[in-house]
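What follows is a set of notes on a single structure, which appears directly below.
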Amino acid sequence: MEFQIRKAKSDEYKAVEAIMKQVQQLHVQWRPDIYRCGETVLPPAVYEQAVKEETFFVAEREGMIAGVLFIQYRHIESPNQVTRNIIFIDSMAVDERYRGSGIGHAFFAFLKELKVQKGYDGIELQVNAKNQAAYNMYLHYGFTDKSIHMELL
């Protein structure tokens, strides 16, 4: 399948929100003690701001939005850390009909190119501990564990 990765447009909110709801439902299934279903996963104002700042991208195939990618550009500077600029993946989601078709890998190839273009130092993300399929995909693509986020209930 051939996909085009491009900047999201304002009029695509409905399709983007539908994909975000699919992923939110997975989180609810994994951790109903933390996540809940709501009417809105991605508030329209947040989406509009990301579109304006060109930090929201979509994977499109034959006019259909098949995946979404929301990033942040972060500058890390503190007395105890090396100063770095990273691209942080806030959200990456693929419509359930297209999972396993290579969209995730296409997003990562896009991000690697974006990192080089901007002269950034790395790409980072967080993954839900219950999302083993995504974790394995990230490892396969070359990501390594940076830290482990733990909880005590």
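- In this structure, OH on Y98 lies 6.5 Å from CZ on F3, to the nearest 0.5 angstrom.
- Residue W30 belongs to a hydrophobic cluster whose other members are L26, with links defined by side-chain heavy atoms closer than 4.5 Å.
- The two residues Q25 and C37 come nearest to each other via the heavy atoms OE1-SG, 3.0 Å.
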Acceptor/donor pairs from residues 65-78 side chains to any protein atom, 3.5 angstrom cut, sequence neighbours excluded:
unit_1	atom_1	unit_2	atom_2	d
Q72	OE1	R74	NE	2.9
Q72	OE1	R74	NH2	2.9
Q72	NE2	D90	OD2	3.1
H75	ND1	N85	OD1	2.7
H75	NE2	E77	OE1	2.7
S78	OG	N80	N	3.3
S78	OG	Q81	N	3.3

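- Listed by chain and residue number, nothing satisfies the salt bridge (Lys or Arg N to Asp or Glu O under 4.0 Å) test with E17 (two or more places apart in sequence, or in another chain).
- Cluster membership check: F56 shares its hydrophobic cluster with V41, using side-chain heavy-atom separations under 4.5 Å among Ile, Leu, Val, Met, Phe, Trp and Tyr.
- One hydrophobic cluster holds both M92 and I103 under the rule that ILVMFWY side chains link at heavy-atom gaps under 4.5 Å.
- One finds the CZ atom of F143 at 4.5 Å from the CG atom of L125 (value rounded to the nearest 0.5 Å).
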Return a table of donor-acceptor pairs under 3.5 angstrom between the side chains of residues 109-120 and protein atoms on other chains or two or more places apart.
unit_1	atom_1	unit_2	atom_2	d
E113	OE2	Q117	NE2	3.3

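- A search for ring pair (Phe, Tyr, Trp, His ring centres under 6.0 Å) contacts involving Y135 returns nothing, not counting sequence neighbours.
- In terms of the salt bridge (Lys or Arg N to Asp or Glu O under 4.0 Å) criterion, residue partners of K146 (sequence neighbours excluded) are, by chain and number, E124.
- In terms of the side-chain contact (heavy atoms from CB on, under 4.5 Å) criterion, residue partners of H140 (sequence neighbours excluded) are, by chain and number, H105.
- Residues passing the side-chain contact (heavy atoms from CB on, under 4.5 Å) test with L152, sequence neighbours excluded: none.
- We find the CG-CG distance between L139 and D145 to be 6.0 Å, quoted to the nearest 0.5 Å.
- Taking Ile, Leu, Val, Met, Phe, Trp and Tyr as members and joining any whose side-chain heavy atoms lie under 4.5 Å apart, directly or through other members, the hydrophobic cluster of I34 also contains V28, Y35.
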- Message: Quick one, V51 with K7, criterion side-chain contact (heavy atoms from CB on, under 4.5 Å). Give me CA distance, side-chain angles, the key distance, then yes/no.
- Response: CA-CA 7 Å; V51 168; K7 295 172 191 166; over 6 Å; no

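- Applying the side-chain contact (heavy atoms from CB on, under 4.5 Å) criterion to V23, with sequence neighbours excluded, gives H27, A93, R99.
- Residues satisfying the side chain to side chain donor-acceptor pair (under 3.5 Å) criterion with E39, sequence neighbours excluded, are absent altogether.
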- side-chain contact (heavy atoms from CB on, under 4.5 Å) assessment of Q126 paired with F88: CA-CA 9 Å; Q126 287 182 300; F88 182 80; 4.2 Å; yes

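- Using modelled atom types, one side-chain atom of Q24 and one backbone atom of R36 make a donor-acceptor pair closer than 3.5 Å.
- Of the inter-residue distances, the one linking D95 atom CG with I19 atom CD1 reads 5.0 Å to the nearest 0.5 angstrom.
- The closest donor-acceptor contact from the side chain of Y13 to the backbone of L42 lies under 3.5 Å.
- Here Q49 pairs with K52, E53 under the side-chain contact (heavy atoms from CB on, under 4.5 Å) rule; sequence neighbours left out.
- Minimum interatomic distance between A134 and V127 (heavy atoms only, all atoms of both residues): CB-CG2, 4.0 Å.
- When the side chains of ILVMFWY residues are joined at heavy-atom separations under 4.5 Å, either directly or via intervening members, F57 and I87 end up in a single hydrophobic cluster.
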- Task: Applying salt bridge (Lys or Arg N to Asp or Glu O under 4.0 Å), run through E60 and K9 and close with a yes or a no.
- Result: CA-CA 12 Å; E60 178 184 15; K9 300 174 190 169; 5.9 Å; no

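- Transitive grouping of hydrophobic side chains (ILVMFWY, heavy atoms separated by less than 4.5 Å) keeps I89 and M20 in distinct clusters.
- The shortest heavy-atom contact between S10 and E48 is OG-OE1, 2.9 Å.
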